[in-house]
Structure formats: C-alpha cells, structure tokens
Q: 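Before we start, here is the structure in question, set down as structure tokens.
Bear in mind that the values here come from a model prediction, so they are computed numbers and not experimental data.
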Amino acid sequence: MSTTPDPLVALGALPGVADSVDSVRKAVDRVYGHRIMRRRSNEITSEAALRGARGSAALSGAEWALEEVRRRSDFSGDGEARTVGGALRLTAEAGQLLSIWRQSPLRVLARLHLVAAADSAEAAGRPRLEGEPVEEPLIELPLPDADEVAGRLEGLSRLIIAGSSAPALVTAAVVHGELLSLRPFASHNGLVARAAERIVLVGSGLDPKSICPAEAGHAELGRAAYVAALDGYASGTPDGVAAWIAHCGKAVELGVRESTAVCEALQRGAA
C-alpha cells in the first residue's frame, strides 16, 4: 500500500476549510431535498446550466443579462457574443466528459478548450508554446513559462487519476485555481477552468444533477473578490489557499441559492 501523502487531503485540513466543506454540503443537501426536485429536476438542471454559463461569461468580460443569454440563438458576432457562446457550449459539453475526466483529465482539458475556442486555429486544444501570447481578461498574475505549465499540468493530472479522499470542494477549488493560475492555453482559460470545476463537483457526487452553478456564485461575488482570492491561491501560502477554497465554497452556496429560487418559483407556479 502506498504511503505517499495526499496533498489534497492536506489542503482539506487547513484552518477554516472543514467549515467551508460542511457548509457547502449542508446547502447542497437542502436543495436536493426540495420537494420540486422529485418531479422537475431536469428543469432545474437546464436553468442551472444557463445561469452558470452566464456567470462564467461575465467573469470573462461578457456581462449579459440572463434574459439576453436566454433569448439569443446566434453567438457568432462580436467578442462578447463569442464568449457567451463559448460558455454555453462548455456547460453543455462538461456533462459529456465526466466518464473521461478521471482517466484522462488532460484530454478533457484539451477538448474543453477546443469547444470554447470553436475555431480551427493552430493553438486550439493544445497547451501554449513558449513565447505564445495569452489572452485572458481579468487575470494579471505572472504568466508561468511553458515548461512550468507542462510540469504542473502533469502533476494535476496524476492527482486526479490517482483519486483522493479529499472533499469535492477542495479538489474542485484546486483544479480551478491551478488552471487559472497557469493559463495553459492561449485563450479562454477562465471558461475552461470554471467548466473543469463544474466537472469535479458533478463527477464527485457532490452535485450529481449539476444543479448548483458555482459559476453564477463566482460572478455574484464579483470580479474583484475573484481576483483577490485567486491571488491568494497563487501565493501558495496556507492562508491564501484556504481563502481560495472558502471563496469557491461561497460560490457553490450562492449557486445553490440560485437553484433554490428556481425551485420555489416552479413550486409557486404548480400550486
């Protein structure tokens, strides 16, 4: 039996993280126990996907009203429209990649980037090469070089494939934080990182029906708080990493609140 320490479990032991994990689990359990979930969970899932995509796009600079995202069918226009379209495609694609994630996370990340980019550019679907520019709105952290990106992606992949007994929130936050800190692709890293967080939350069993859109919660907490929390993660300090995990936990809880409101609205309509 291997005695190699699990770094994700160690992060779960950081001060305050257990409280975040417990709070998230209770919030998720409450919305799953809502009476409307027994009959109309597919509707909740669809609405959560829309709200999650809208939130992820907002954090990448395309802050559209929910009804505008719902109304539009053509996202081939300007940069904001393409960002919203990419977020919607990723939300739909994430559910198709759950079975592959634990066996080949790097393959899933490549697929997510292809879906987000939606073009045939040479850089689509592969990690950036040394010297290639990166377009990533909002994130201004120092950009790791291509060798560091490759090494850290491989390390992240090994952690996921090996599995962990760490809480899903911890794993999801680390995946999200690593990808956004590394920005391994030439574009759309934020969209990909948030889609990967969704995959972990759903695939772990914490949110199997994908009704707790953390992306919506991240957007509600605001760009400034998102960047500040990510800076803490990138610092590598215990306090910084714990604060990032707590931030991701708050985002999940706000996503739960969104879906709870949807449940309540559907229940009122059915009364």
Side-chain angles (χ1 to χ4, degrees), residues 6-37 41 44-45 47-56 58-59 91 94-95 98 101-102 156 159-160 163-180 190 193-222 225-230 232-233 238-264:
D6 184 337
L8 295 176
V9 170
L11 295 180
L14 290 172
V17 170
D19 290 341
S20 294
V21 168
D22 185 54
S23 183
V24 166
R25 168 51 70 187
K26 288 178 179 177
V28 172
D29 286 348
R30 282 195 298 271
V31 72
Y32 269 84
H34 197 287
R35 60 185 297 183
I36 208 74
M37 283 292 296
S41 64
I44 310 300
T45 297
E47 186 64 20
L50 188 72
R51 293 176 184 227
R54 183 260 168 199
S56 190
L59 287 170
T91 301
L98 293 170
W101 175 253
R102 282 290 301 274
L156 184 63
L159 278 176
I160 294 165
S164 175
S165 59
L169 172 64
V170 173
T171 304
V174 168
V175 167
H176 186 169
E178 275 294 286
L179 292 175
L180 205 49
R194 291 184 287 273
E197 180 186 49
R198 172 182 287 268
I199 287 173
V200 174
L201 294 171
V202 174
S204 67
L206 176 65
D207 180 23
K209 294 183 182 293
S210 194
I211 62 167
C212 306
E215 308 97 318
H218 284 299
E220 184 172 342
L221 288 167
Y226 186 68
V227 170
L230 180 66
Y233 176 85
D239 286 348
V241 174
W244 169 250
I245 295 170
H247 184 87
C248 290
K250 289 177 185 175
V252 175
E253 291 188 63
L254 288 171
V256 168
R257 191 174 71 179
E258 289 267 329
S259 288
T260 301
V262 173
C263 287
E264 295 294 333

Q: Quick one: does Arg198's side chain have a donor or acceptor within less than 3.5 Å of a partner on Pro213's backbone?
A: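 Pair absent, no side-chain N/O of Arg198 close to backbone of Pro213.
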Q: I'd like to know if the side chain of Asp207 reaches the main chain of Cys212, judged simply by a donor and an acceptor atom lying under 3.5 Å from each other, with no hydrogens or angles considered.
A: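 Such a contact is found between Asp207 side chain and Cys212 backbone.
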Q: Nearest 0.5 Å, please: how far is SG in Cys248 from CZ in Arg194?
A: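 One finds 11.0 Å between CZ of Arg194 and SG of Cys248.
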Q: Testing the basics here: between Leu201 and Ala172, what is the closest heavy-atom pair and its distance to 0.1 Å?
A: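 Minimum heavy-atom separation between Leu201 and Ala172: CD2-CB, 3.7 Å.
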Q: Please evaluate residues Tyr233 and His247 with respect to the criterion side chain to side chain contact (heavy atoms under 4.5 Å, CB included), reporting the C-alpha separation (whole Å), side-chain torsions for both, the decisive distance (0.1 Å), and the verdict.
A: CA-CA 10 Å; Tyr233 176 85; His247 184 87; over 6 Å; no
Q: For the side chain of Tyr32 and the backbone of Ala27, is there at least one donor-acceptor N/O pair under 3.5 Å apart?
A: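 Flag not set: sc Tyr32 to bb Ala27 has no pair under 3.5 Å.
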Q: Enter the distance from Thr171:OG1 to Ile199:CD1 here, rounded to the nearest 0.5 Å.
A: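 If we round to the nearest 0.5 Å, Thr171:OG1 and Ile199:CD1 are 13.5 Å apart.
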Q: Nearest 0.5 Å, please: how far is SG in Cys263 from CD1 in Ile36?
A: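 Interatomic distance, Ile36 CD1 to Cys263 SG, rounded to 0.5 Å: 7.0 Å.
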Q: Could you pull out the closest heavy-atom pair between Ala195 and Ala94, with the gap in Å?
A: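 Result for this residue pair: O-CB, 4.5 Å.
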Q: Of the non-hydrogen atoms in Ala168 and Leu206, which two are nearest, and what is the gap between them?
A: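 It is CB-CB, 4.0 Å.
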Q: Taking the six-membered ring for Trp, are Trp244 and Tyr226 parallel (under 30°), tilted (30 to 60°) or perpendicular (over 60°)?
A: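 Correct class here is tilted.
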Q: Using a 3.5 Å distance criterion without hydrogens, assess whether the side chain of Thr260 forms a donor-acceptor pair with backbone atoms of Val256.
A: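 Checked: pair present.
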Q: Can you name the closest pair of heavy atoms from Gly177 and Leu230 and give their distance?
A: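 Closest pair (atom of Gly177, atom of Leu230, distance): O-CD1, 3.9 Å.
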Q: For the CD atom of Glu215 and the CZ atom of Arg54, what is their distance to the nearest 0.5 Å?
A: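 Answer rounded to 0.5 Å: 12.0 Å.
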Q: Where do Gly190 and Leu180 come nearest, in terms of heavy atoms and distance?
A: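 Shortest heavy-atom contact: CA-CD1, 3.6 Å.
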Q: Charged N to carboxylate O under 4.0 angstrom, Glu47 versus Arg51?
A: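 Looking at Glu47 and Arg51, the cut-off is met.
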Q: Using 0.5 Å steps for rounding, measure from the OG atom of Ser23 to the NZ atom of Lys250.
A: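 Nearest 0.5 Å value for the OG-NZ distance: 10.0 Å.
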Q: So, do Val17 and Leu11 sit near enough that their side-chain heavy atoms are less than 4.5 Å apart?
A: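 Not touching, per the 4.5 Å side-chain cut-off.
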Q: Trp101 vs Val175, test: side chain to side chain contact (heavy atoms under 4.5 Å, CB included). Steps then yes/no.
A: CA-CA 12 Å; Trp101 175 253; Val175 167; 4.1 Å; yes
Q: State the CG-NE2 distance between Leu169 and His176, to the nearest 0.5 angstrom.
A: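 Here the rounded value is 12.0 Å.
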Q: Between Lys209 and Thr45, what is the shortest heavy-atom contact and its length?
A: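 Looking at all heavy atoms of both residues, the shortest contact is O-OG1, 2.8 Å.
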Q: Just by distance, do the side chain of Ser259 and the backbone of Ile211 share a donor-acceptor pair under 3.5 Å?
A: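 Yes, because the side chain of Ser259 sits within donor-acceptor range (under 3.5 Å) of the backbone of Ile211.
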